[in-house]
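Below is one structure, written out as structure tokens, with a few remarks after it.
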Amino acid sequence: MDRVTVNKVTNGLNGTISVPGDKSISHRAVMFASIANGQSEITGFLKGEDCLSTISCMKQLGVTIREEDDKIIVVGKGVKQLKEPNTILDVGNSGTTIRLLSGILASLPFSSVLIGDDSIAKRPMARVTGPLKMMNATVDGRENGRFTPLFIRGGQLQGVHYVSPIASAQVKSSILLAALNAKGTTTVTEPHRSRDHTERMLKTFGVSVEVDGESVSLKGGQALTAANIAVPGDISSAAFLLVAAAIVNKSEVTITNVGINPTRTGILDVLENMGADIRITDERFYGEEPVANITIKYTQLNATTIAGEIIPRLIDEIPAIAVLATQANGVTVIKDAEELKVKETNRIDTMVHQLKSLGANIEATSDGMKIIGPTPLRGGNVESYGDHRIGMAMALCGLISDGDVKIENTEAIAVSYPNFFEHLNELK
Ligand code: S3P
């Protein structure tokens with residue numbers, strides 16, 4: 001169990017950083033290339049624990065994947081070439097792996113068992129097993145398919161129109177992946193749009209996908225053709241550096257090659273609404289995904305309210321935003337964010353309880369939190385609870401607290417940002 005002590009930065013954070021590849025896009029690149037026909041090359045792939053779990057599952061399903069000069073090479077032979085795994089597929093800590101892979105496996109003529117770590121064992125799976133069953137899939141799991149281990153015996157699927165009660169890209173993507181091999185057309189309708197990397201990347205692999213407001217449709221029977229993917233930097237990782245610069249006086253930080261897909265940029269909108277000095281430059285595209293450089297300069301911020309359609313556009317950034325709000329003038333309210341309770345940890349509880357212990361004025365609400373700032377933070381002992389984003393949020397507190405912040409179980413950070421502390425140190 002690793003422990004890191006973070007102490008106050010007095011001379012600002014300054015410099016230019018290129019954050020690691022986007023986690024959501026890295027997972028999809030490996031999965032889609034694995035079910036495509038031909039050889040695909042992936043550059044900028046995130047070598048974090050979660051995406052490495054995806055690679056190892058796809059290898060167990062018979063796909064040849066190798067690393068060459070910082071590229072991941074995937075040799076796909078079409079979805080039908082995937083073979084029955086000899087043993088259990090272990091997704092580690094990765095919700096994206098288990099949910100998307102379930103969609104792929106539901107239509108293939110063999111059986112598989114999927115498990116993960118203690119956190120995965122507590123996360124809801126009915127949100128994917130339910131709609132997959134509606135498509136005629138044979139899927140089960142503990143408590144009637146609500147939890148892992150999941151058991152899947154693939155078979156012929158039928159297209160559906162699924163109206164999802166939650167805005168979840170994992171649910172949407174799982175259904176769309178199953179739909180590729182189902183009879184007829186499948187449509188997924190969400191209450192708000194979730195991240196759309198699946199829709200964009202399927203197009204890159206030659207699949208035709210129709211998007212109409214909050215609905216996405218595709219026709220079954222479409223094959224994927226190999227493609228080369230350049231993965232943008234992860235805005236969810238960049239968010240921790242943006243918030244660091246926004247709370248540490250005398251900072252100016254530039255982050256290069258960051259994905260700015262509009263379904264992910266809620267954090268930029270929030271920073272702007274709070275009065276941050278932020279500049280987006282050099283906008284361009286990596287395939288279907290927009291990227292840019294982002295520069296932020298320290299300035300005193302004001303509180304804001306975060307609710308409704310913006311929530312899925314910044315759901316992973318809320319731990320960082322909670323720290324930011326402790327330093328802003330006024331009352332920041334985060335609502336409509338019940339989904340935080342079913343992430344790697346219950347992020348409302350883990351953030352509120354730990355920020356309070358460091359002196360923040362913060363309360364949990366039924367669907368989010370309320371934070372009154374600015375409040376000076378003090379040192380203390382905190383932990384990641386095995387959740388990468390909680391570990392990084394706690395490190396942000398250490399940068400501005402009057403005493404040292406000691407964080408336990410920092411190894412969890414390797415799930416999405418293996419060189420996070422190196423990058424922070426480079427900026428000091
Ligand atoms: C992800 C979607 C989000 C996000 C997760 C990655 C994805 O989850 O929180 O970190 O890659 O599709 P939900 O779709 O369950 O909201």
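These numbers come from a predicted model, not from an experiment. Ligands are counted one by one from 1 in listed order, and the atoms in each one are counted from 1 as well.
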Give the residues near ligand 1 by chain and number, with the criterion being a heavy-atom distance under 4.0 Å. K23, S24, R28, T96, S168, A169, Q170, R195, I315, D316, K343

Among side-chain atoms of T185 and S217, is any donor-acceptor pair under 3.5 angstrom? no

R284 and N257: side chain donor to acceptor below 3.5 Å: yes

Would one find more than 12 heavy atoms of other residues, nucleotides or ligands at under 6.0 Å from atom NZ of K122? no

N-O pairing of R66 and E68 below 4.0 Å: yes

Salt bridge check, E199 against R28: does any charged N sit closer than 4.0 Å to a carboxylate O? no

Taking salt bridge (charged side-chain N to carboxylate O under 4.0 Å, His left out) as the definition, give me every residue that meets it alongside E210, ordered by chain and number, with sequence neighbours left out. none

